[in-house]
Amino acid sequence: MSVIERIKEKARANPRRIVLPEGDEPRTVEAAARARAEGLALPILLGNAAAIEAVARHRGVDIGDIDIVDPAGSAKAGDYAQALHELRKAKGVTREQAAELVADPMYYGIMMVKLGDADGLVSGAVHTTGDMLRPALQIIKTRPGMKVVSSSFLMDCPNKSLGEDGLLVYADCVVVPCPTAEELAHIAVAAADTARTLCGVRQPRVALLSFSTKGSAKHELVDKVRLATEMAHALAPELLLDGEMQLDAAIIPEIGASKAAGSPVAGRANVLIFPDLQAGNIGYKLTQRIGGAECFAVLQGLAKPCNDLSRGCSVEDIVNTIAITAVQAG
Ligand code: ACO
């Protein structure tokens with residue numbers, strides 16, 4: 001069974017309320033109908049009911065049993081505005097500004113998650129990554145003990161000898177442009193947690209990647225990865241984790257054995273930590289476009305699950321992300 005099929009099976013066992021702020025966006029409406037029909041989640045569409053129903057009719061999908069909430073006419077808008085003002089007043093957000101913000105479905109949806117009226121959120125078919133991430137970072141915040149919000153990409157590779165039966169978890173590919181050593185350590189621990197809890201990987205083996213393996217090159221960038229490895233060990237002493245390491249030493253057994261003999265992960269890593277966002281973002285796209293891997297993005301480290309879509313996403317991508325978010329919420 002593929003990674004995403006396993007995730008969908010878990011989602012079906014415990015369907016959660018997932019709010020979709022881009023509620024009248026056609027792919028989103030169709031994805032909500034499919035997710036509901038497949039029992040993956042209880043989607044909530046935000047927006048004007050008449051407009052959403054018109055989109056559903058046009059796409060030929062049934063949304064009869066899906067909740068629609070219009071932030072414009074909502075009885076809860078006042079409570080959400082007050083709560084948002086309380087959360088952000090130290091940052092200068094007045095009661096009036098908070099009321100304007102919650103009229104925006106993106107902020108309204110985030111407040112639903114924050115206050116427990118939804119279990120998770122999926123957005124980004126229209127919004128940019130930054131516009132989706134900022135309210136989540138400002139309002140949902142990191143979960144206890146986690147220093148930074150980041151992302152993992154679940155890479156389902158055609159070569160099943162790699163990683164965990166072809167699954168490699170890459171981090172961070174979306175959020176933190178230039179992580180400090182401490183942030184990199186937190187990203188490593190969060191990615192191992194994603195591998196375990198979302199993908200069912202029993203034994204995450206985490207490699208912190210570099211252009212050097214175990215001191216083969218000297219540079220301050222290498223020192224940062226080495227320091228991050230030490231910090232990650234201190235954060236999660238039970239985790240199988242090693243670095244700094246080149247990609248081939250991390251995933252090819254013979255090269256791992258020769259370049260990093262005795263390493264608990266070399267040659268068998270299933271979680272790969274990239275030193276910065278340029279490396280991570282380029283790395284996942286190479287694996288997808290040249291390596292032919294299927295990939296699924298997930299945000300990690302937030303106190304409650306919110307996930308971003310690509311603006312070029314398909315209906316299938318949205319359904320998958322709804323399932324991923326539902327499992328994170330469970
Ligand atoms: N983790 C936790 N909190 C964070 C993080 C983080 N990674 N980044 C910012 N914050 C917090 C800040 O502390 C701040 O909190 P506060 O307002 O309570 O003090 C709040 O979020 C806003 O911070 P800003 O610095 O104002 O936010 P910024 O404008 O830097 O935006 C963002 C943050 C959007 C994540 C930015 O780092 C970014 O644009 N990252 C890259 C996104 C991107 O374009 N990715 C690649 C494309 S996506 C793809 O290829 C699939």
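We count ligands from 1, going down the list as the structure has it; atoms in each ligand are counted the same way. Nothing here was measured: the structure is a model prediction, and the numbers come from that model.
The number of heavy-atom neighbours closer than 6.0 Å to CD of Gln203, taken from other residues, nucleotides and ligands shown, is above 12. Residue-environment remark: NZ (Lys76) stays at or below the threshold of 12 foreign heavy atoms within 6.0 Å.
Looking at every heavy atom in both residues, Ala171 comes nearest to Ser152 through CB-OG, 3.8 Å. Leu241 approaches Val265 most closely through the heavy-atom pair N-CG1, 3.7 Å. Closest approach of Val225 and Pro275 over heavy atoms only: CG2-CB, 4.1 Å.
Looking at ligand 1, you won't find any N or O of Leu137 less than 3.5 Å from one of its N or O atoms. For ligand 1, the polar-atom distance check finds an N/O of Val174 within less than 3.5 Å of one of the ligand's N/O atoms. At a 3.5 angstrom cut-off on N or O pairs, Thr129 does not count as close to ligand 1. Of the N or O atoms in Val149, one or more lie within a sub-3.5 Å distance of an N or O in ligand 1. Between Arg134 and ligand 1, an N or O atom pair is found at a separation short of 3.5 Å. Considering backbone and side-chain atoms together, Lys141 places an N or O closer than 3.5 Å to an N or O of ligand 1.
Protein heavy atoms come within 4.0 Å of atom 43 (C) of ligand 1. For atom 46 (C) of ligand 1, the nearest protein heavy atom lies closer than 4.0 Å. In this structure, atom 19 (O) of ligand 1 has protein heavy atoms in its sub-4.0 angstrom surroundings. For atom 37 (O) of ligand 1, the nearest protein heavy atom lies under 4.0 Å away. Contact annotation for atom 25 (O) of ligand 1: protein absent (non-hydrogen atoms, distance under 4.0 Å).
Here the two rings, on Tyr170 and Phe274, have centers that are under 6.0 Å apart.
With rounding to the nearest 0.5 Å, the separation of CG in Asp65 from CZ in Arg36 is 4.5 Å. The CD atom of Gln300 lies 8.0 Å from the CG atom of Asp193; values are rounded to the nearest 0.5 Å. The OG atom of Ser212 sits 7.0 Å away from atom NZ of Lys218, with the distance rounded to the nearest 0.5 Å.
When Asn281, Leu277, Leu309 are ranked by how near their heavy atoms come to atom 49 (C) of ligand 1, first place goes to Asn281. Around atom 22 (C) of ligand 1, the closest heavy atom drawn from Glu183, Gln138, Lys91 belongs to Gln138.
Classification of the His219-Phe211 ring pair by plane angle, with boundaries at 30° and 60°, yields perpendicular.
Atoms of ligand 1 found under 4.0 Å from any heavy atom of Leu133, numbered from 1 in the order shown, are 35 (C). Near Arg88, the atoms of ligand 1 lying under 4.0 angstrom from a non-hydrogen atom of the residue are 16 (P), 17 (O), 18 (O). Within ligand 1, counting atoms from 1 as listed, the ones closer than 4.0 Å to a heavy atom of Val176 are 7 (N). For ligand 1 and Val148, the ligand atoms under 4.0 Å from any heavy atom of the residue are 1 (N), 6 (C), 7 (N).
With a heavy-atom cut-off of 4.0 Å, Val175 touches ligand 1 through backbone and side chain alike.
Protein heavy atom nearest atom 51 (C) of ligand 1, with residue, atom name and distance: Tyr284 OH, 3.6 Å.
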* Asked: Does the pair Ile4 and Asp156 meet the rule for a side-chain contact (heavy atoms from CB on, under 4.5 Å), with working shown?
  -> CA-CA 9 Å; Ile4 196 64; Asp156 198 354; over 6 Å; no

